[in-house]
Undergrad: 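This is the structure, below, for whatever I ask next.
In what follows, chains are A, B, ... by sequence order, proteins preceding strands, each numbered from 1. Since we're looking at a predicted model, the values are computed, not measured. All heavy atoms count here, side chains included; hydrogens, waters and symmetry mates do not.
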Protein chains: 4
Amino acid sequence: MKRKDDRKVGQIFQAALKLVVSKGLSGITMGDISKAAGIATGTLYVYFKSKDELINALFAACRENSVAHSFKGYDPAQPYKVGFKHVWLNILRYRLHNFEEAVFMEQCYHSPFITPETREKASRLAAPYNELLERGKKEQLLKPVDTGLLITFLVGSMNELVKQTHYHGTTLTRTRINTTFDMCWDALKS
Amino acid sequence: MKRKDDRKVGQIFQAALKLVVSKGLSGITMGDISKAAGIATGTLYVYFKSKDELINALFAACRENSVAHSFKGYDPAQPYKVGFKHVWLNILRYRLHNFEEAVFMEQCYHSPFITPETREKASRLAAPYNELLERGKKEQLLKPVDTGLLITFLVGSMNELVKQTHYHGTTLTRTRINTTFDMCWDALKS
Amino acid sequence: MKRKDDRKVGQIFQAALKLVVSKGLSGITMGDISKAAGIATGTLYVYFKSKDELINALFAACRENSVAHSFKGYDPAQPYKVGFKHVWLNILRYRLHNFEEAVFMEQCYHSPFITPETREKASRLAAPYNELLERGKKEQLLKPVDTGLLITFLVGSMNELVKQTHYHGTTLTRTRINTTFDMCWDALKS
Amino acid sequence: MKRKDDRKVGQIFQAALKLVVSKGLSGITMGDISKAAGIATGTLYVYFKSKDELINALFAACRENSVAHSFKGYDPAQPYKVGFKHVWLNILRYRLHNFEEAVFMEQCYHSPFITPETREKASRLAAPYNELLERGKKEQLLKPVDTGLLITFLVGSMNELVKQTHYHGTTLTRTRINTTFDMCWDALKS
DNA sequence: CATGAATGAGTCTTCATTCAT
DNA sequence: GATGAATGAAGACTCATTCAT
């Protein structure tokens, strides 16, 4: 028998992401995805019970991927600001290099595709970010305000920066990156 | 266009916005919109040539509305920070009270519905924001960095704040608002 | 506006019946039905929410039609056997002339299309038959056995007779009809 | 065909029959059958070239089984009515105990699955029934009418009786059976 | 203008069948 | 032989759009 091929899920995900960026979450069809993935439409249903499930699975995978990247190489032993900047850069790098994933996830935010379960699962993955910011507050380096608010700044500014970079074609020089980081740090630092 | 018509366009827009929040931009149909607006499907086509046109018109209307709100009561004669905060609060208030519009506009960002023309028209409306920030730089109150970057912080953080407020049900106290403004100001101020 | 056309339901029913006889209940598609009815596929959904609903509605209509025919011209004032034969002939005539309906209803018997509600509704329509046989028992003309059993003979024999007539191409002469009636009567009479 | 294979064919048939009763002839899929039979879908195609062939084979098998049962223990040497009742009871017993087969065969009647060849083969198996009734006519115990008509009564009444028993949950007491037989005999006897 | 029935292209999904293992 | 993943044609159903009233 033919073994279920795990690489195929990857192909499907890649195809879906590419399509979401070019046609929007609303515009993609199972036919498009299968064609882009180089498989038959029916094959999609071997791996995912429905379009909904496919989208949810992709969302979960992106989310996990994103979190995993954020803390790659993070060393809690280092001084706070060093570690913080490391993570900040990780996130930025991830969003730039995986722009498609970032766009997809944002599109999912208000879509009826994402089920409450998936949403719930996603928010549980936010824990490491929370901890990072809590630590900053404990070391009295960050403003003693609601962690959610701090994250808001972290994420919100990054989002717009990446979008702008991508769409306005601005090249993200080292200086520009540092400037942005400084602004972010100024916002958060106590 | 008589007044009667305008009222109907308003109903259509309201209906569409409500539906986008609950079902996503992908999920709305002309049938849904007409039903929610209390008119017949065919009547939609009296006011809009197609679904695309309806969405684009709504997008443009929201965008204009948003800009108009931002500068309501803004007095350039006042000291910079006072005026800046005024605008900042206007934007925040707008996004909170017109959450549906905000969601709709975000959903439109990557959708194939919005034509380049509409996009172009929208970005031209950004001029007042640019001017506001340029003035701040001229008065050496804001960091001498790319205006786009400054806007990024302004908008990005606000976006996330509003989303959070809405979804996590946090009440936005005066203190919380001020804290957020301070963070934003800290990020931008030179 | 275009008025919903009641004749269209009739066309749809006729088309469906014809197709069930030629291709079996299993083999019919909404596309086939619409084509045979001379309308667009989508139009079917103006009149019926789903294929299931269409089949159930058709079943109910056939059932009603069948019962209505059975007692046409039946006069309770006449001697029992005369009235009984009248009904018997009505049923036979109905089944022969509306062979498609008869086949369709038989096909429905074990199909998952028919909902319990429809089934229930159908069996409630059996009341007149029950009464007819009860009367025969009361007048001591029929065997004093379970009414269900009597109906079994009435219906079962007729069913097979009609099928045979139709498929083997036997012509149903007056003699043959009378012979069959006599057999039926012999079975039921006390 | 080894014994092992035959057992598998049996499993397949059993699975198919069970599914036809629960989901109708229209509703069964090769996937369902294979799952219910505890084998892989592909394996079905080792035993049957196609779904059509499977259904036809099953139909033929049921038909043969049915006829075989009918005359089990029948002894032409016995008086006619005794033998006749013996067969009649055999048929009844068969239909009650193999209700699934009976339902399946009825479903097949108007389905496009059954080929003319299968149909032809099936009707050739009716010979013993014909002979039984011919003998009755020759002995002047049965009405001198068309054999087809006689069979019609035999089969038709039995069909309905079995259906009723099954669906209305009536228990078939010995008395009820005898009553029914008497009715049938009354219908046929000269 | 307003209506909503009619249309048919396009969607998701299923399923008989094939084929690599 | 046995398996079940892969295939793609076909089916039920949706929906933007048109048009008769």
Undergrad: If you assign A/A40 and C/T41 each to the DNA chain F nucleotide with the nearest heavy atom, which residue ends up on the more 5' nucleotide?
TA: A/A40
Undergrad: Which part of the nucleic acid, if any, lies within contact of A/I33, taking any heavy atom under 4.0 Å across all strands shown: a base, the sugar-phosphate backbone alone, or nothing?
TA: nothing
Undergrad: Is any side-chain nitrogen or oxygen of B/K8 closer than 4.0 Å to OP1 or OP2 of E/dA2?
TA: yes
Undergrad: Remember a base hit wins even if backbone is also touched, and classify D/T29 as base, sugar-phosphate or nothing at under 4.0 Å, heavy atoms.
TA: sugar-phosphate
Undergrad: Would you mind reading off the distance between C/K35 atom NZ and F/dA12 atom C1', rounded to a whole angstrom?
TA: 14 Å
Undergrad: Report the distance from atom CE of C/M30 to atom P of E/dT7, rounded to the nearest whole Å.
TA: 14 Å
Undergrad: Which residue lies toward the 5' end of DNA chain E, D/D32 or B/G42, if each is placed at its nearest nucleotide?
TA: B/G42
Undergrad: Side-chain polar contacts of residues 37-44 of chain C - donor-acceptor pairs under 3.5 angstrom, sequence neighbours left out - could you list them?
TA:
unit_1 : atom_1 : unit_2 : atom_2 : d
C/T41  : OG1    : C/S34  : OG     : 3.4
C/T43  : OG1    : C/A40  : O      : 3.4

Undergrad: Test of understanding: with side chain to side chain donor-acceptor pair (under 3.5 Å), list the residues that count as partners of B/E106, not counting sequence neighbours.
TA: B/K163
Undergrad: Measure the shortest side-chain to side-chain distance between D/Y47 and D/L54 over non-hydrogen atoms and say whether it is less than 4.5 angstrom.
TA: no
Undergrad: Let me check I have this right: for DNA chain E, each base becomes ., (, ), [, ] or |, based on Watson-Crick or G-U pairs with both distances under 3.5 Å. What is the full string?
TA: .||||||||||||||||||||
Undergrad: Output all residues satisfying side chain to side chain donor-acceptor pair (under 3.5 Å) with A/D52, sequence neighbours left out; order by chain, then residue number.
TA: none
Undergrad: Once ring-ring contact (aromatic ring centres under 6.0 Å, His included) is applied, what residue pairs with a partner in residues 12-32 of chain D remain, sequence neighbours excluded?
TA: D/F13-D/F48
Undergrad: Provide the closest heavy-atom pair for D/Q107 versus D/L25 in the form atom of the first, atom of the second, distance.
TA: OE1-N, 3.1 Å
Undergrad: Can you see which heavy atom on C/L125 is nearest to which on C/R63, and at what distance?
TA: CD1-CG, 3.6 Å
Undergrad: Rounded to the nearest angstrom, tell me the gap between atom CD1 in D/I28 and atom P in E/dT17.
TA: 12 Å
Undergrad: What is the distance, to the nearest angstrom, from the CG atom on D/N56 to the P atom on E/dA16?
TA: 15 Å
Undergrad: Looking at residues 43-55 of chain A, who's got a heavy atom less than 4.0 Å off DNA chain E?
TA: A/Y45, A/S50, A/K51
Undergrad: Is any side-chain heavy atom of A/E101 closer than 4.5 Å to one of A/L58?
TA: no
Undergrad: In plain terms, say whether B/E120 and B/R124 are close enough for a salt bridge, that is, a side-chain N and a carboxylate O under 4.0 Å apart.
TA: yes
